[in-house]
2 protein chains.
Amino acid sequence: MKTFSINYHLFKREKEGIINIFLKENENVLNSFSKRRIMFKKNMDNRNEKENTIRDVANLAGVSVATAGRVLGGYGSASSKSVSAVKDAAAKLNYIPNGIAQSMKKKNTKTIGLIIANISNPYFSSIARLVEEVLAKEGYNLIICNTDEDSERELSYLRTLYEKRVDGLMIASALKDSESSEDEVLKMYKNSIPTIIIDREIPGIDLPTVTSDNFRGAYEATTHLIKMGHKKIGVIGSNISTLFRRVDGYKQAMEENFLTFDDYLISNKTYDNVSPGDVNEGIFATRELLKDPETRPTAIFPLNNLLTTGALIAIDEMGLRIPEDVAIVGWDDFDLAPLLKPPITVVKQSSYNIANIATNRLLELISNSSLSSEADKKVTLSTELVVRGSCGNKAN
Amino acid sequence: MKTFSINYHLFKREKEGIINIFLKENENVLNSFSKRRIMFKKNMDNRNEKENTIRDVANLAGVSVATAGRVLGGYGSASSKSVSAVKDAAAKLNYIPNGIAQSMKKKNTKTIGLIIANISNPYFSSIARLVEEVLAKEGYNLIICNTDEDSERELSYLRTLYEKRVDGLMIASALKDSESSEDEVLKMYKNSIPTIIIDREIPGIDLPTVTSDNFRGAYEATTHLIKMGHKKIGVIGSNISTLFRRVDGYKQAMEENFLTFDDYLISNKTYDNVSPGDVNEGIFATRELLKDPETRPTAIFPLNNLLTTGALIAIDEMGLRIPEDVAIVGWDDFDLAPLLKPPITVVKQSSYNIANIATNRLLELISNSSLSSEADKKVTLSTELVVRGSCGNKAN
DNA sequence: CTGAAAGCGCTTACAG
DNA sequence: CTGAAAGCGCTTACAG
């Protein structure tokens with residue numbers, strides 16, 4: 001029995017059909033594994049063969065690689081004769097430059113990473129939409145990473161994005177307040193990639209930030225409920241740093257109005273297989289909060305959009321009436337809010353502004369390595385309380 | 001007045017502070033433009049300086065670059081002594097490999113491109129969510145591109161993604177039926193990047209496809225409305241290829257029931273500054289369709305989720321009652337559908353299944369260069385009519 | 001197990 | 001205006 005030594009150069013000669021002949025001749029001797037490896041190599045080689053490089057273009061145009069590069073890349077100058085020869089050749093070969101090689105030399109990738117909890121959350125998806133739109137105009141592409149509020153995953157994404165040498169990073173961090181001061185985390189963020197933090201600050205990390213005024217938004221919503229005569233108000237929201245700020249706003253409003261709040265009114269439990277702040281958390285938490293007619297709050301305030309959806313589902317399920325049995329203020333406005341019976345009062349934050357400001361600052365950071373006005377390194381956008389009909393009025 | 005020739009080597013000596021001295025000495029002579037250029041160069045050099053390469057790791061570990069690569073990349077073998085020396089060195093230098101250079105050699109980028117109409121459309125965002133999740137487990141990142149149903153933008157994205165040498169492509173194409181046979185388009189799609197078409201077929205392009213059964217979904221919904229006694233049924237949806245299929249399903253159902261449909265019942269107008277199939281199109285089209293009590297249909301069927309939202313908004317605005325004044329079947333289920341008064345009947349398609357099947361096939365395509373079963377190259381998933389209360393019953 | 005060297009496909013400083 | 005050559009940071013076939 002013969003042995004076969006299939007070396008690299010043999011593969012290279014695939015053009016001349018050598019591998020095919022080789023395969024035919026020895027069909028029964030080769031085991032299927034090595035056959036598969038050879039086929040794979042063939043496929044790869046085929047793929048590569050199709051790919052014309054700038055060298056092919058230069059050859060066909062009868063100029064040097066340098067000149068071809070100058071014409072195609074628009075850098076340096078070339079005679080009009082060279083220009084047309086190269087352009088013709090490129091068109092004929094259907095040449096598409098290799099951006100990887102370009103990135104290698106130019107030290108940029110024209111790619112930005114966006115790290116968020118969950119792209120199917122309308123709040124994040126509308127941010128992503130706008131970020132992508134502004135970025136696309138400047139020639140950047142967007143890589144999207146879903147953390148599901150898991151900081152492990154966030155760190156793993158960060159590492160991958162660094163490896164890919166993205167030109168910039170926009171992060172709605174899953175890091176909890178306690179985690180953010182760890183050394184390793186800091187190291188990741190402090191690496192030299194221009195970074196903008198959105199949606200929530202990362203305590204202890206000094207980077208440009210664009211957030212809503214979470215504290216004030218929650219404070220105003222709670223104050224509104226109090227004005228409408230509610231004294232026992234429940235909030236829903238677990239382990240996300242934004243929500244901590246909102247809970248603080250709630251507490252402040254309660255205290256200022258001399259209202260006490262028992263612990264059970266602040267629902268911040270996490271549930272198995274439910275990521276923090278998700279619809280199901282809203283459903284489960286609302287059920288628990290409202291199940292006992294004796295102790296239940298007269299109003300609830302789910303602290304983000306998905307929790308709001310969950311709360312509405314649970315309330316409907318339980319057959320409770322809004323606002324007679326329980327009033328509600330939601331977080332984030334949504335198209336159908338005015339159509340529900342009754343229409344839902346919400347705290348509205350502008351994903352449009354967050355995305356726009358953050359993206360423009362990121363672009364500024366990328367081109368200048370610094371922000372023009374250090375003064376407003378932290379941008380806080382005010383929220384708006386949109387009063388509709390879901391809070392009732394127990395005051396009159 | 002002196003002239004300055006600041007050459008490359010001078011920049012390289014920035015470490016020794018030469019540029020800083022140079023800048024100080026000539027502060028008033030340099031115009032701000034050249035100062036900025038010098039600062040930029042400095043910044044770039046600084047950035048690069050920080051970046052440790054595998055060469056630095058090898059030097060520190062006292063081994064060759066090849067050995068360092070073998071240890072860090074996990075290919076080939078190395079002595080345990082080398083392994084620990086290299087690992088220590090890498091950790092000490094906070095070494096993060098350059099994925100660009102790796103891609104250059106390995107001919108892959110571990111990146112997939114997803115081309116969709118609009119990531120802020122819940123249908124697409126839930127697809128994106130799932131695609132990203134499956135992909136992330138296999139070590140791929142996802143670049144997201146919003147076309148807004150504009151085929152020009154789609155082609156431009158395609159080109160960029162080819163330049164970036166993504167390993168695979170998933171496309172819900174904005175191409176209209178008429179455009180898809182153009183030569184240039186075909187050329188783009190026929191390039192050697194593994195590609196899966198989702199959501200809608202591209203006529204004339206023979207690539208693996210995963211779609212819902214749009215025809216049948218619309219046929220069933222229309223049939224349901226007819227069974228409920230509706231004879232004058234309007235549909236809403238403009239220039240998107242999926243919607244053409246749905247219109248066909250509607251027509252078929254109407255014809256089978258010997259119902260005539262005037263042209264005005266098929267609302268397919270486009271509006272300025274409104275991308276096809278968007279909420280505003282739903283609002284505008286519904287207003288027109290329902291404005292005249294004499295001619296208005298007794299039921300409407302908006303052909304996608306955003307159009308459905310728009311229709312609901314318009315109906316509410318006009319003060320019409322569902323289903324007494326107008327019945328409605330929506331496309332795509334949504335969390336709040338059961339909570340509206342009345343609950344909305346919808347055609348439900350499974351973004352979960354589309355995303356899952358499409359992603360797994362793409363991964364298969366990437367690793368095998370072909371699909372195992374050519375037979376089911378085109379996968380069509382059935383839809384489900386979820387009957388709630390928005391269709392009334394004129395039949396009794 | 002290991003190192004020297006080639007090469008991936010570009011860009012660019014240098015020298016005509 | 002143009003070409004030869006170096007180099008970006010890796011991987012890998014080859015030869016010890």
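The sequence lines fix the lettering, A, B, ..., with proteins before strands; numbering per chain opens at 1. What you see below is based on every heavy atom in this structure, not just the backbone, and it leaves out hydrogens, waters and symmetry mates.
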Looking only at the side chain of [X] (C-beta and beyond, no hydrogens), which of the listed nucleotides [options] gets closest?
X	options	result
B:V63	C:dG3, D:dC8, D:dA4	C:dG3
A:T53	D:dT11, C:dC10, C:dC14	C:dC10
A:I54	D:dC10, D:dC8, C:dT11	C:dT11
B:A101	C:dT2, C:dG9, D:dC10	D:dC10

Item to check | A:A136: side-chain contact (heavy atoms from CB on, under 4.5 Å) partners, not counting sequence neighbours | outcome: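 By the side-chain contact (heavy atoms from CB on, under 4.5 Å) rule, A:A136 matches A:E132, B:Y157.
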Item to check | Contacts of type side-chain contact (heavy atoms from CB on, under 4.5 Å), residue B:V134, not counting sequence neighbours | outcome: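 side-chain contact (heavy atoms from CB on, under 4.5 Å) list for B:V134, sorted by chain: B:N356, B:T359, B:N360, B:L363.
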Check: protein-nucleotides 5-7 of chain D nitrogen or oxygen pairs below 3.5 Å:
residue	atom	partner	partner atom	Å
D:dG7	N2	A:K105	NZ	3.4

Item to check | Atom of B:Y95, atom of B:N52 and distance for their closest heavy-atom approach | outcome: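 The pair with the smallest heavy-atom distance is CD1-O, 3.3 Å.
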Is the distance from OP1 or OP2 of [N] to the nearest side-chain N or O of [X] less than 4.0 Å?
X	N	result
A:S82	D:dC1	no
B:K107	D:dT11	no
B:Q102	D:dG9	no
A:K106	C:dT12	no
B:Y95	D:dC10	yes
A:S64	D:dG3	yes

Next on the checklist: Under 4.0 Å, counting only non-hydrogen atoms across every strand here, what does B:S103 touch: a base, just sugar-phosphate, or nothing?
Outcome noted: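 It contacts nothing in the nucleic acid.
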Next on the checklist: Could you walk me through whether A:T195 and A:M170 satisfy the side chain to side chain contact (heavy atoms under 4.5 Å, CB included) test, starting with their C-alpha distance in whole Å, then the side-chain angles of each, then the deciding distance to 0.1 Å, before giving a yes or no?
Outcome noted: CA-CA 6 Å; A:T195 302; A:M170 197 177 289; over 6 Å; no
Checklist entry - Do B:R70 side-chain and C:dG3 base share a donor-acceptor contact under 3.5 Å? => result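 Between C:dG3 and B:R70, which were checked side chain against base, a qualifying N/O pair under 3.5 Å is present.
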Next on the checklist: Applying salt bridge (Lys or Arg N to Asp or Glu O under 4.0 Å), can you list everything that pairs with B:D148, at least two apart in sequence or on another chain?
Outcome noted: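 So B:D148 forms a salt bridge (Lys or Arg N to Asp or Glu O under 4.0 Å) with A:R129, B:R153.
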Item to check | Donor-acceptor under 3.5 Å (A:N141 side chain, B:I143 main chain) | outcome: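 Not at all, since once roles are kept as given, no pair shorter than 3.5 Å links the two residues.
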Please report, to 0.1 Å, the donor-acceptor pairs under 3.5 Å made by any side chain of residues 109-116 of chain B, with sequence neighbours excluded.
residue	atom	partner	partner atom	Å
B:T109	OG1	B:R165	O	2.8
B:T109	OG1	B:D167	OD1	3.3
B:T111	OG1	A:K164	NZ	3.2
B:T111	OG1	B:T109	O	2.9

Item to check | For DNA chain D, the dot-bracket pattern of Watson-Crick and G-U pairs whose distances stay under 3.5 Å, | for other-strand partners | outcome: |||.||||||||.|||
Checklist entry - Between B:I171 and B:I198, is any pair of side-chain heavy atoms under 4.5 Å apart? => result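 No; the side chains remain at least 4.5 Å from each other.
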